[in-house]
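Report on the following structure.
Model, not experiment: these values are computed from the prediction.
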Amino acid sequence: MSMIGQRAAEYRRGLSEFDIFDIAMWWAPARVDGFVRFERWEEQVEACTRYGIGGGLVTAQTAMDVDPYIGNAELPPLLKGHDSFYGCAVVTPDMFFDRDKGRQYLRDLRDQRVVAARMYPGRYRHSTGEYAIGRMCEVLEELGFPLLIWHIDTDWDAVDRICERHPGLNVVLESMDRKLLYHARDYMSLLAKHKNFYIETHNLVLFNEYEVLDAAVGSSNLLYGSYTPYMTPDFSLYPVYAADLPRERKRRIFAGNAKDLLKLGNR
């Protein structure tokens with residue numbers, strides 16, 4: 001076996017020793033711009049298993065590109081029979097003009113193992129001011145739904161305000177389209193300030209990022225994500241695996257932090 005083959009085999013064996021939960025998965029059978037396209041959910045689950053990913057949090061691309069209600073309705077059928085996978089709904093402020101209806105809508109989804117929410121203020125053209133998203137955030141906070149946000153779809157001051165005004169709402173920033181390194185002073189400041197602020201990791205891929213973060217603000221608020229099927233999971237798996245961190249901290253980043261956040265226990 002070649003040296004490269006040996007290294008690859010060592011990496012696969014080492015990775016297999018970790019429980020891996022992917023907090024940034026997408027169901028996107030209609031899209032053609034991903035790293036790979038899956039037409040059946042079972043195929044995507046099988047592919048994740050080959051990478052060592054045993055479970056995850058999945059969002060329907062339709063909920064972001066077409067309509068939240070239509071896309072969110074795609075999730076429960078996917079989750080049936082796949083007990084280690086959970087859904088993430090897309091929400092907008094108008095869903096909560098009637099707070100009771102919005103609350104019941106999320107409760108019904110939660111009964112079908114949808115456990116988190118995303119918002120897209122840029123794509124869905126709404127403010128992140130309290131007058132627009134306050135009711136929505138209050139209901140998410142009440143029901144224990146973390147809120148995921150793309151960093152290219154909002155701004156750092158807005159994230160700071162949300163964390164400040166809703167301390168019981170866990171806010172997860174996803175590193176879309178642009179490496180987080182360029183915003184290190186902002187996101188590290190937020191990690192240091194807010195216990196309810198988290199970072200999803202698929203764009204934390206530069207040399208020594210995990211070591212620097214762990215030394216400065218700790219790694220308890222880092223959540224592994226792959227952005228599959230738009231990226232190959234190895235792109236995001238290897239930097240965590242190869243980081244010069246204690247095994248227990250890698251274990252927490254790969255799955256423990258996310259399962260605690262989502263209250264999934266130690267499965």
Side-chain angles (χ1 to χ4, degrees), residues 15-27 44-45 48-49 51-60 75 78-79 82-90 106 109-110 112-119 140-141 143-151 159 163 168-176 180 187 190-191 194-205 209-210 213-214 217-231 233-241 243 245-267:
L15 203 61
S16 70
E17 297 175 2
F18 290 97
D19 175 25
I20 302 172
F21 185 91
D22 186 345
I23 203 166
M25 300 179 65
W26 290 87
W27 171 237
Q44 186 166 334
V45 171
C48 289
T49 301
Y51 282 102
I53 298 171
L57 187 69
V58 60
T59 304
L75 296 174
L78 298 181
L79 303 175
H82 298 286
D83 292 343
S84 59
F85 290 86
Y86 298 82
C88 182
V90 172
L106 288 185
L109 285 175
R110 186 177 61 184
Q112 301 173 87
R113 298 190 18 255
V114 175
V115 297
R118 298 174 179 271
M119 75 169 182
L140 294 174
E141 188 174 1
L143 297 181
F145 274 54
L147 177 64
L148 285 74
I149 310 173
W150 282 5
H151 83 289
V159 174
C163 290
L169 175 64
N170 293 310
V171 178
V172 181
L173 194 82
E174 285 192 284
S175 51
M176 290 307 307
L180 277 175
Y187 73 77
L190 288 171
L191 285 169
H194 298 294
K195 292 182 179 180
N196 60 328
F197 177 71
Y198 293 77
I199 292 285
E200 177 272 319
T201 67
H202 87 267
N203 254 333
L204 288 176
V205 294
E209 277 190 279
Y210 289 93
L213 267 171
D214 185 68
V217 293
S219 52
S220 60
N221 284 35
L222 301 181
L223 311 171
Y224 171 73
S226 72
Y227 195 44
T228 184
Y230 295 103
M231 290 184 177
D234 280 330
F235 177 77
S236 50
L237 288 167
Y238 188 78
V240 181
Y241 171 78
L245 294 176
R247 177 183 176 81
E248 174 60 21
R249 293 184 194 174
K250 294 181 186 180
R251 189 185 72 80
R252 297 291 306 171
I253 294 170
F254 272 137
N257 293 338
K259 289 188 174 183
D260 284 352
L261 176 69
L262 298 171
K263 300 179 175 61
L264 302 182
N266 296 315
R267 290 177 289 176

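Of the possible donor and acceptor atoms, none in the side chain of N170 sits under 3.5 Å from a partner among the backbone N and O of P146. A donor-acceptor distance shorter than 3.5 angstrom exists from the side chain of N221 to the backbone of F197, with no hydrogens or angles considered.
Looking at D19 and R251, no side-chain N of the basic residue comes within less than 4.0 Å of a carboxylate O on the acidic one, giving no salt bridge.
Of all non-hydrogen atoms in R249 and D214, the two that sit nearest each other are NH1-OD2, 2.5 Å. Nearest heavy-atom pair, L143 versus R110, reported as atom, atom and distance to 0.1 Å: O-NH1, 3.3 Å. The two residues V205 and F235 come nearest to each other via the heavy atoms CG1-O, 3.5 Å.
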Check your understanding: Under the side chain to side chain contact (heavy atoms under 4.5 Å, CB included) criterion, do W150 and R118 qualify, and how do the steps go?
Key -> CA-CA 9 Å; W150 282 5; R118 298 174 179 271; 3.9 Å; yes
Review point. What's the verdict on side chain to side chain contact (heavy atoms under 4.5 Å, CB included) for I20 and D22, showing C-alpha distance, side-chain angles and the deciding distance?
Key: CA-CA 6 Å; I20 302 172; D22 186 345; 5.5 Å; no
Check your understanding: Yes or no on side chain to side chain contact (heavy atoms under 4.5 Å, CB included) for Y86 and L75, after CA distance, side-chain angles and deciding distance?
Key -> CA-CA 8 Å; Y86 298 82; L75 296 174; over 6 Å; no
**Study point:** Worked verdict on T59 versus M25 for side chain to side chain contact (heavy atoms under 4.5 Å, CB included)
**Key:** CA-CA 6 Å; T59 304; M25 300 179 65; over 6 Å; no
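Residues meeting the side chain to side chain contact (heavy atoms under 4.5 Å, CB included) test with S236, sequence neighbours left out: H202, Y224, S226. Contacts of Y230 classified as ring pair (Phe, Tyr, Trp, His ring centres under 6.0 Å), with partners at least two apart in sequence or in another chain: Y227.
Residues S219 and R252 have side chains that never bring a donor and an acceptor to within less than 3.5 angstrom of each other.
Partner L245 forms a side-chain contact (heavy atoms from CB on, under 4.5 Å) with one of L213, V240, I253 and no other, that one being I253. When the options L262, V58, L148, V172 are evaluated for a side-chain contact (heavy atoms from CB on, under 4.5 Å) with C88, the one that passes is L148.
One finds the CZ atom of F85 at 8.0 Å from the CD1 atom of I53 (value rounded to the nearest 0.5 Å).
In this structure, Y241 and Y238 have tilted ring planes: the angle between them lies in the 30° to 60° band.
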